[in-house]
Every structure is written in C-alpha cells, then in structure tokens.
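I have placed the structure first, in the form of structure tokens, so that the comments after it can refer back to it.
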Amino acid sequence: CAVGRVAIAAVARARGFRGGTAEPPRGGSVFGLDGVHVSTEAASGGLTEYIQHHLTHNTVGGGFHFDSWIVALVLGLLFCLWFRSQARKATSGVPSKGQAFVELIVEFVDGQVKDVFHGDRRFIAPLALTIFMWVFFMNAMDLLPLDLVNGAVKTVAGDEVAHHTYFRAVPTADANTTFGMSITVFFLILFYSIKAKGGGGFTKELFTAPFHAHGVGAKIALAPFNFFLNLVEYLSKPVSLAMRLFGNMYAGEIVFMLIAGLMMSWLTFLPGVLLNAGWAIFHILIIGLQAFIFMVLTVVYISMAHEHH
C-alpha cells in the first residue's frame with residue numbers, strides 16, 4: 001500500500017505531470033509500479049487536482065453520497081454475516097480459531113460495557129459491539145490504495161469513464177456518515193433519559209439542573225440558564241462524537257496523499273515508502289482507537305442518561 005502510493009506520485013512526476021502544464025500521454029494511460037491507475041486529474045492538473053479528485057464523492061440526486069452509503073452498507077452486512085456464521089458454528093468444545101477470535105472481541109466489548117453501564121445490558125452490549133466493529137471496518141478502508149477503484153474502472157471501462165468516476169472508500173471520512181451515527185446515538189440518549197426519568201422528570205431536570213434553587217422565584221430566575229446549559233450539553237455530545245471521528249479519518253486520508261505527493265521523484269522514492277509505511281502503521285492504531293472511543297462514549301452517554309440530578 002505504501003509502495004503503491006509513492007510509486008504513483010513518482011511516476012506522475014517522472015512523466016512530466018507537474019504544475020498542471022504538461023499533457024498526459026495519448027489515451028491517458030498512466031500507471032504506478034504496482035499497476036494501479038493514476039487518475040487523469042493527476043496527469044492533467046498535478047497533485048492538487050489529484051487530491052481534489054480523491055476527495056470528491058460519488059453523489060446521486062444532487063447531494064446523496066452514494067459511495068459512503070454503499071461502502072458502509074456492505075461493511076455492515078459483512079460484519080453481520082461474519083458474526084452470524086461464527087455464532088451458528090459455535091461449539092462448547094474446543095473452539096476454532098475463528099470462533100476464538102470472535103469470542104475475544106465479544107468478551108472485550110462486553111467487559112467495557114459492564115464497567116461503564118450498570119443496568120440491563122441486553123441491548124447496550126450488542127449496540128456497543130455493532131458500533132465498534134462497524135466503525136472499525138469503515139475506518140480500515142483507509143488502508144486501501146488510493147487508486148484501487150479508479151484502476152479497476154479504467155481496466156473495465158477505459159480512461160474516459162475513469163476520468164469522471166469519483167469514489168471515496170472511507171465512509172467515516174464523510175461527515176454525513178459520522179453525523180448520521182452520532183445523531184442516532186443522540187436519539188438513544190433522549191430515549192433512555194425519558195425512559196429512566198419519565199417525561200415530566202426529564203423536562204423538570206432541563207430547567208432545574210445543574211443550578212438548584214429553593215423558592216419559586218429563584219427557580220424561575222435560574223430556569224433559562226439551566227435550560228441553556230442542558231441544551232449545550234445535549235447538543236455537544238453528537239457534535240463531538242461526529243467531528244472527532246470525521247476529523248481523524250479525514251486527516252489520515254490527507255496525510256497519505258501529501259506524503260505521496262511530497263515524495264514525487266525516484267530520488268525520494270525510498271524515504272516516501274518508509275514514511276508512508278510508518279504512517280500506515282500508526283494509522284492502524286488510530287483506526288482501532290477511534291472505533292473504541294466512539295463505542296465507549298456512546299455507552300457512557302447512555303449511562304449518563306439514567307442518572308438523576
């Protein structure tokens with residue numbers, strides 16, 4: 001993956017695609033050492049156009065990000081099919097390697113939920129497992145070669161179609177995906193808050209906490225401040241969840257592109273490979289850590305929804 005990223009940039013520069021002034025070869029057939037197609041944007045417009053191409057979503061209906069939706073859907077189905085398959089083949093005897101690996105993940109997630117959430121875990125634990133694995137799978141798409149999709153399109157349909165094909169393979173680098181998940185968590189927070197406190201208790205808490213007062217006049221005077229602070233607290237949860245995940249994954253994409261772009265000569269090929277490999281290894285930690293953080297914060301927020309002030 002690291003070799004491919006740097007090779008693509010090196011070949012682009014070696015063939016004169018610099019500064020957006022050079023013309024690509026006839027037919028636009030440009031390949032890196034690994035045979036992955038360098039998009040026509042890279043050939044005709046340099047690094048800036050190359051990055052812009054890879055940051056453009058495949059949209060339908062004027063604004064719907066089809067690429068993020070289809071990748072997230074496929075990865076979610078793969079997770080469900082994988083775990084369902086292992087659950088059906090599970091045995092009480094000596095487990096297979098696949099069963100042992102799945103059990104390790106399930107026990108890890110259940111242990112985290114048990115430490116944070118002290119109520120009925122029959123829904124929360126499966127929710128946390130789904131969030132962790134789904135976000136991890138979506139984050140892991142960032143390790144695929146940037147030009148994998150364009151190379152496949154060019155091989156099948158030619159340069160012209162590849163030139164107009166946009167596809168971002170990392171759903172969590174799309175704010176629509178992360179906000180969609182965080183808003184779902186937000187509605188779960190509201191649901192559990194009302195379930196635990198009742199509609200009246202939830203509404204009362206909005207106006208009487210965190211500043212408690214004695215006497216009708218004092219309560220009325222503090223009610224607007226309490227409501228404002230509670231509103232900020234509730235709204236900050238989905239925003240922070242979404243932006244934290246989106247920001248980390250989007251930055252990871254940009255860094256991969258910039259390392260390849262800055263190492264655009266054969267002289268800097270080896271350092272570029274080493275830098276990209278080092279960043280990829282570090283990014284693996286980010287992929288898992290961000291999935292873990294999103295899962296833990298979801299459980300923490302739902303646990304906080306059960307608390308009375």
* Would you please say whether a donor-acceptor pair under 3.5 Å links the side chains of E49 and H53? => no

Does the side chain of [Y] come within less than 4.5 Å of [X]'s, by heavy atoms?
X: L245; Y: M181; result: yes
X: F202; Y: L206; result: yes
X: L55; Y: E253; result: yes
X: L190; Y: Y234; result: yes

* Asked: Under 4.5 Å between side-chain heavy atoms, hopping through other hydrophobics if needed: is there a path connecting V135 to L77?
  -> yes

Judged by atom type as modelled, is there a donor-acceptor pair below 3.5 Å linking the side chain of [X] to the main-chain atoms of [Y]?
X: S303; Y: F117; answer: no
X: S85; Y: W82; answer: no
X: T184; Y: G180; answer: yes
X: D110; Y: A125; answer: no
X: K195; Y: H306; answer: no
X: N58; Y: Y166; answer: yes
X: Q86; Y: Q99; answer: yes
X: R168; Y: A173; answer: yes

Minimal non-hydrogen separation, [X] against [Y], with atom names:
X: V71; Y: P171; result: CG1-CG, 3.5 Å
X: L241; Y: L297; result: CD2-CB, 3.8 Å
X: F246; Y: A175; result: CD1-N, 3.5 Å
X: F136; Y: A291; result: N-CB, 3.7 Å
X: A280; Y: F256; result: CA-CZ, 3.8 Å

Please identify each residue that fulfils side-chain hydrogen bond (donor to acceptor under 3.5 Å, both in side chains) with [X], with sequence neighbours left out.
X: H283; value: D142
X: S68; value: D174
X: Q52; value: none

* Is the distance between the ring centroids of W134 and F137 less than 6.0 Å? -> no

* R244: partners by salt bridge (Lys or Arg N to Asp or Glu O under 4.0 Å), with sequence neighbours left out -> none

* Applying salt bridge (Lys or Arg N to Asp or Glu O under 4.0 Å), name anything that partners R122, two or more places apart in sequence or on another chain. => D120

* To do: Starting from I220, walk the hydrophobic network (Ile, Leu, Val, Met, Phe, Trp, Tyr; side-chain heavy atoms closer than 4.5 Å) and list everyone else you reach, by chain and number.
  => V216

